[in-house]
Amino acid sequence: MTEPVVETEKLSKFYGDFKAVDGISFQIGQGECFGLLGPNGAGKTTTIRMLYGYTPLSSGSLKIFGRDIRQDLRAVKQHIGVCQQEDNLDPDLSVLQNLLVFARYFDIPRALARQRAEELLRFFALEGRSGANIRELSGGMKRRLVLARALLNEPKLLILDEPTTGLDPQSRHQVWERLEELKTRGLTILLTSHYLEEAARLCDRLIIIDHGRIIVEGAPAELVARYVGREVIEVVAPTEEMRDFLKRQRADFEDLGHRLVVYNQNGDELFIHLAKDFCRRGCTLRQATLEDVFLRLTGRELRE
Amino acid sequence: MNGVWPKQISRRFLRVWQRNFSVYRMTWKINFLPPLLEPLLYLVAFGIGLQSLVGAVRFQGQTLSYMTFIAPALLSVTIMYNAFFETSYTSFVRMYYQKTFDAMLATPLTLEEIITGEIAWAATRSLIAAALMLTVISFFGLVHYPQTLWVIPLSLLGGAAFAAIGMFFTGLVPNIETFNLPIFLFITPMFLFSGTFFPLENLPGWAQVLAQILPLTHLVNLARAFTLGLWQNRLWGSLLYLVVFTLIFFPLAVARMRRRLIR
Ligand SMILES: Nc1ncnc2c1ncn2[C@@H]1O[C@H](COP(=O)(O)OP(=O)(O)O)[C@@H](O)[C@H]1O
Ligand SMILES: [Mg+2]
C-alpha cells in the first residue's frame, strides 16, 4: 500500500479548558476523497486549520505526504491547495490578478502562472470575467475563483472547508461537477461539509465528528446500511397506539414527538401494516440517506 | 522571540511587498497626488501666510527663511504618515476585513514574512512619497544638494521605524476605531512638538527632554541636517535612535501579530 497522504494520530486542539478537537485519528489515502462531517462547532475548521499549519496542535501528531508538519511546514504547504471557509479573495485585485498574485506566493514563474491561471479560469467557467472586480462576482463565481486559486500550485492535496455553503443549487451542482472531475484525475481531496447530500455524492470515505471527537467512520453507503438501513418510514402526527404497536414489533424507531422515524426497514411489510391499520395519510416509506445517519448520531438539537 | 529572526523569514517576504506594489500601481495617479500637492499647500499656508508673522528663524547659528526651516519637517511628517497609516489602518483592513493574511497563511508564506513584507512595503511608500515631495520642494530652492539626497535612504529607515510601531498597534487594537488613540496620544503630539514647526529650543527644558523620546524628533533632526547640508557628529545619536527603535518594535510587532492571528 502506498503511504497515506494525511495521517493524524490523536490530533487535539484545546482553547483553555475547551476541547475544540479532542484526539481524532484518521488517514487519507492517495486519490481518495475524504469527508469531515459534523454539525456547526464540531471542530471541522479547527482540524483543517491544523492540517495546513495555521493553528498549532495542542497534542497529537500530524503527517502530510509522510512529513511531520511541525518540521517541514513550508515544504508541505507548497503542495497543498486550501479553500478556506470565509471568502478571502483579494478585493483590491481583479479576477485574473488574484490568481497571478497568489501564484507568486508559491514562487510559480510568471509565464507558467499566467498559463495555469487562464486554464483554471476556463475550467471554472470564469474566462469571461478575468478583468472583473471581485465585488462584481456572484457568490458562486467567488467560490469557483477560490477553488481555481487553490489549484494554482497543482496541489497533491486539496483541502475544502464547506465549499458550497451559501450557494444556490445551480452553483452547488456546478462546483460538485468540477470536484468530481478533479477526483477522476486522481487528486486527493479533504472536504468538510454539513450538506450530507454533497458528502454522499463526493466522498469515498468519511468521518462524522461532534464535540471534537470522531463518532463514526466509513464509506457513505456502508454507514447508511449500518446505522439506518436501506429504507426508513416517517410518520407524521403519530398516535399512542401506533407507538405501542411499534414497541411490540421491536421496531427501531426514534420518537420526535410530532413525528416518528422508523429505521432499518428492509422490506415493506411493516410499512404496509402501518399504513393499513394506523395511518391513512402521513406515513411515508423512503430511501434512507446519510442525513438520517447524521441526525441519528449527532442528535437533533440546534447548534450555536 | 524564539527564532523569529533567522529561520522564519526568507526572501519570500518580497512576495507580500510585491502584492502591495501591484495594488499601488493600479492607483498610482491617486497615490502620487498627495505627496506632490501637500507640500504646496503647506508652503503656501505656513510659508507664505506665516512667514510674514514669523519672519526668519534662528537655527544653529544660521538665519533661515521659515519655509527653509519647515521643508525638512514636511518631509519627515510625510515619511511618518505614509508608513504609520499603511501598517495601521491599511494593514488592519487587509488583516481583519479582507482576510488577506489568512489567505497568505495557506501558502508557503510564514506569518513573519507577511509582517516583514507589510513593513517593508510601508517603508517603500515613505520612500516614494519623500522622493516626490523632495522633487517639488527642490523647485523652491529650499534644499541643499547633494547632501539632501541622503533624505532618500533616511526615508526608508524612518519609514521602517514608523511602520514597525504602526504594525505593533495593529496587533494590539481591538477594532479599527481604536487607532484614534495612538494617533491622538502619539502621532499628533509628535507632529507638533518634534522640532517640526518651531525649533525645540523654544520649548521649556523639560519639554525638550521629553521631545528626545519621540522618534519624529530624530527623523526631523536628520532630515534638516541633510536638506540644510549641516551634518554634525551628534546626529549619529539620532541615527542610532531610529535603528534601535526599529529593531525593538519590529520583533514586538511580529510577536503581537502572532498572538493575534495564530490561534
Ligand atoms: N480561537 C478560538 N478560541 C476559542 N474557541 C474557538 C476558537 N476557534 C474555534 N473555537 C471553538 O471551537 C469549536 C469548533 O470550531 P470550528 O472548528 O470552527 O467548528 P466547525 O468548523 O465544525 O463549525 C467551536 O465551539 C468554536 O467556538
Ligand atoms: Mg467551520
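Being a predicted model, the structure only gives us computed values, none of them experimental. Every chain is numbered from 1 and lettered A, B, ... according to where its sequence line falls, protein lines coming before strand lines.
In terms of heavy-atom pairs under 4.5 angstrom with chain B, the leader among D107(A), L100(A), V101(A), V76(A) is D107(A).
For W150(B), the CH2 atom counts as loosely surrounded, since its 6.0 Å shell holds 12 or fewer non-hydrogen atoms of other residues, nucleotides or ligands. With a 6.0 Å radius and a threshold of 12 heavy atoms from other residues, nucleotides or ligands, R185(A) has its CZ atom above the threshold. Around NZ of K19(A), the count of heavy atoms belonging to other residues, nucleotides or ligands within 6.0 Å does not exceed 12. Around CZ of R114(A), the count of heavy atoms belonging to other residues, nucleotides or ligands within 6.0 Å does not exceed 12. For NZ of K142(A), the number of neighbouring non-hydrogen atoms (other residues, nucleotides, ligands) closer than 6.0 Å is greater than 12. With a 6.0 Å radius and a threshold of 12 heavy atoms from other residues, nucleotides or ligands, R70(A) has its CZ atom above the threshold. Other residues, nucleotides and ligands place no more than 12 heavy atoms under 6.0 Å from the CZ atom of R213(A). The 12-atom threshold is exceeded at OH of Y97(B), counting heavy atoms of other residues, nucleotides or ligands nearer than 6.0 Å.
With contacts defined as side-chain heavy-atom distances shorter than 4.5 Å, the pair E113(B)/R74(A) qualifies. Using a 4.5 Å heavy-atom cutoff, the side chains of Y105(A) and R19(B) are in contact. Counting heavy atoms from C-beta outward, P56(A) and R263(B) have side chains that stay 4.5 Å or more apart.
At a 4.5 Å heavy-atom cutoff, the contact between Q78(A) and chain B is made by backbone and side-chain atoms alike. For a residue to count as touching a neighbouring chain, one of its non-hydrogen atoms must lie under 4.5 Å from one of that chain's; by this rule N153(A) does not touch chain B. Using a 4.5 Å cut-off between heavy atoms, D90(A) contacts chain B through its side chain alone, with no backbone atom that close. The part of R12(B) that comes within reach of chain A is its side chain, from C-beta onward, which places non-hydrogen atoms under 4.5 angstrom from that chain.
Side-chain N or O atoms of K77(A) include none that pairs as donor or acceptor with a backbone N or O of A106(B) at under 3.5 Å. Looking only at distances, a side-chain donor or acceptor of R15(B) sits under 3.5 Å from a matching main-chain atom of R104(A).
If you take OG1 on T100(B) and CG on D92(A), they are separated by 7.0 Å, rounding to the nearest 0.5 Å.
What you find for A103(B) and Q84(A) is that their closest heavy atoms are CA-OE1, 3.6 Å. The nearest pair of heavy atoms linking Y54(A) to D102(B) is OH-OD1, 2.7 Å.
The side-chain contact (heavy atoms from CB on, under 4.5 Å) test with K99(B) singles out one residue from L89(A), D87(A), N88(A), and that residue is N88(A).
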